[in-house]
Amino acid sequence: MKAIVVGSGGREHALAWALLRSPNIKEIVCIPGNGGTALLSGCRNISMALNEADGIAQCALVNDVAFVVIGPEQPLAEGLADALRSKGIKVFGPNRDGAQIEASKAWAKDLMAKANIPTAAAAVFTDAEDAIAYVQKQGAPIVAKADGLAAGKGVTVAMAVEEAIAAIESAFSGRFGAAGERVVIEEFLEGQEVSVLAVTDGQTIRPLLPAQDHKQIGEGDTGPNTGGMGAYAPTPLMPPELLNRVQKEILEPTLSALQSKGIDYRGVLYAGLIITPAGDPKVIEFNCRFGDPETQAVLPLLETPLDEIVLACCEQRLQDLPPFRWREAASACVVMAAEGYPGVYKKGLSIALNDAESEDTVVFHAGTQISEGTIKSTGGRVLGISAIAPNFQSALDIAYSAINKIDFPGSYYRRDIGHRINALQKSDTKSASVE
Ligand code: AMP
Ligand code: GLY
């Protein structure tokens, strides 16, 4: 069968790659794809804007594809899935109504409050004065979030009241356009973050392996937030018992809450969680799609053919699938970015992968294209090097030695991806020796 993957990031390259590992998949069409999907055997890029719903539908019908996977949140929030479904096309990704869970933080908060989902206490404001008064009363640390999609830039974790006030003023002065017309002020939660990407057919929901990403640009998790500088899975921070709690306390009640609103949600529900110092998982955000770069770390471990999971979700028969099979190994992905990212950075840098790829090492492209036979950078996050090994240390060593083989002048990557695992393992040893 053939399928379409919509998007152009590392996540979409990983989705196309994972689908093509299945014997059932003969061809993937990537719209618009990137340099990595252009080079991927069995994959073909078609250049089209993500809001060209009619063109994408036409492409799906002409190619007689079995399904369409929509990668990014923006086209989901704009109703691409609705448009395709209205033409009888099977889609993995929620309709516009379900995508609100990511596209409006206020909407998601309301859903969580009604369904008793553990999350940070929050209040929603439509004007700056009330929001500022609330922040002054609550004190810092506190978190200010623009309501809508703001390309990952709408959240300020304020350590001082003044910082929160500046964020509120900036949102209401139109920095994020309509996305900042409402602002959510949220209790600051302390703890480590875990990304649980769950797949659902609207009736049944099942988590994939839990992952962690490194959002900040600087080593030691410092500096401004990015789309994600690296990820690893399955994180030892979320052992199976904790994942079971997430299933019962968060994923299932959220799906029920969506159902009770009449929302038929088919695709990925991504729960961004904080594990509090008491060990309880709390939601800090929901996304309506696969995470990037978590997907590049999680999918290489998946042994169940991805198309079987996707089709089961599209056809509402997820409960009939046997438990997903995973490789018993550790997976890590290190992102190479253009120097200057997430600020101003150069594009058009030439890249040679040399022999960086091997059996358990894949180079996923994010911002690249092929120009006159050469890989050129087109974005801030450019490559994601994923490696699998029996343990995290080896997976990271393999990923970093692959990076050393790549010629990519003017690149930047963090050298400490996975450092939290070491800290965790050390603290495990400590608590074990205390016992
Ligand atoms: P979000 O887009 O909601 O995931 O927020 C971006 C980042 O801000 C998260 O990955 C967290 O690192 C941080 N963050 C968001 N909400 C909170 C919160 N309530 N407490 C602490 N940190 C938060
Ligand atoms: N890695 C964070 C995200 O996909 O939103």
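What you see is a predicted model, and the numbers here were worked out from it, not measured in a lab. Whatever order the structure lists them in is the order used to number ligands and atoms, beginning at 1.
Against a heavy-atom cut-off of under 4.0 Å, Phe188 is close to the following atoms of ligand 1: 20 (N), 21 (C). Near Glu294, the atoms of ligand 2 lying under 4.0 angstrom from a non-hydrogen atom of the residue are 1 (N), 2 (C), 4 (O). Counting the atoms of ligand 2 from 1 in the order shown, those under 4.0 Å from a heavy atom of Gly291 are 4 (O). Listed by atom number, the atoms of ligand 2 under 4.0 Å from Gly227 heavy atoms are 1 (N), 2 (C). Set against the non-hydrogen atoms of Ile284, the atoms of ligand 1 under 4.0 Å away are 3 (O), 9 (C), 11 (C), 16 (N), 17 (C), 18 (C), 19 (N). Ligand-side atoms of ligand 1 in range of Lys215: 10 (O), range being under 4.0 angstrom from any heavy atom. Set against the non-hydrogen atoms of Asn287, the atoms of ligand 2 under 4.0 Å away are 5 (O). Listed by number with element, the atoms of ligand 1 under 4.0 angstrom from any heavy atom of Val143 are 16 (N), 17 (C), 18 (C), 19 (N), 20 (N). Listed by atom number, the atoms of ligand 1 under 4.0 Å from Lys145 heavy atoms are 3 (O), 15 (C), 16 (N).
At the top of the distance list for atom 7 (C) of ligand 1, counting protein heavy atoms only, stands Asn225 ND2, 3.8 Å. The closest protein non-hydrogen atom to atom 8 (O) of ligand 1 is Val155 CG1, 3.5 Å. For atom 5 (O) of ligand 2, the closest heavy atom belonging to the protein is Arg289 NH2, 2.9 Å. Here the heavy atom of the protein found nearest to atom 1 (N) of ligand 2 is Asp213 OD2, 2.6 Å.
Look at Lys105 and you'll find a heavy atom under 4.0 Å from some atom of ligand 1. Residue contacts with ligand 2: Phe290 is excluded, as none of its non-hydrogen atoms falls under 4.0 Å.
For the pair Lys215 and ligand 2, the shortest N or O to N or O distance does not fall below 3.5 Å. Ligand 1 has an N or O atom lying under 3.5 Å from an N or O atom of Leu189, backbone or side chain. Residue Glu193 has at least one nitrogen or oxygen atom sitting less than 3.5 Å from a nitrogen or oxygen atom of ligand 1, judged on distance alone.
Here Arg266 pairs with Asp264 in a salt bridge; the nearest charged N to carboxylate O distance falls below 4.0 Å. Salt-bridge annotation for Arg414 and Glu219: absent, with no side-chain N of the basic residue lying under 4.0 Å from a carboxylate O of the acidic one. Between Glu294 and Arg11 there is no salt bridge, since no side-chain nitrogen of the basic residue lies less than 4.0 Å from a carboxylate oxygen of the acidic one. The existence of a salt bridge linking Lys145 and Glu285 is excluded, since no basic side-chain nitrogen approaches an acidic carboxylate oxygen closer than 4.0 Å. Residues Asp360 and Arg327 are paired through a salt bridge, judged by an N-O separation under 4.0 Å between the basic side chain and the carboxylate. Between Arg420 and Asp221, at least one side-chain nitrogen of the basic residue sits less than 4.0 Å from a carboxylate oxygen of the acidic one, meeting the salt-bridge criterion.
Counting heavy atoms under 4.0 Å from ligand 1, residue Glu187 touches it through the backbone alone. Only the side chain of Val157 comes within contact range of ligand 1, with a heavy atom under 4.0 Å; no backbone atom does.
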In residues 336-347, what donor-acceptor pairs under 3.5 Å come from side-chain atoms, sequence neighbours left out?
{"residue": "Tyr341", "atom": "OH", "partner": "Gly227", "partner atom": "N", "Å": "3.0"}
{"residue": "Tyr345", "atom": "OH", "partner": "Gly380", "partner atom": "N", "Å": "3.2"}

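Residues forming a side chain to side chain contact (heavy atoms under 4.5 Å, CB included) with Leu39 (at least two apart in sequence, or on another chain): His365, Ile370, Ile375.
Ring-plane geometry between Phe290 and Phe92 is classed as tilted, the angle between the planes lying from 30 to 60 degrees on a 0 to 90 degree scale. Between Phe125 and Tyr134, the two ring planes are tilted [angle within 30° to 60°].
For the side chain to side chain contact (heavy atoms under 4.5 Å, CB included) with Leu111, the qualifying choice from Thr119, Ile263, Thr254 is Thr254, the only one to do so.
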Requested in this report: Show your working on side chain to side chain donor-acceptor pair (under 3.5 Å) between Asp416 and His214 and close with a plain yes or no.
Outcome: CA-CA 10 Å; Asp416 67 341; His214 289 271; 5.5 Å; no

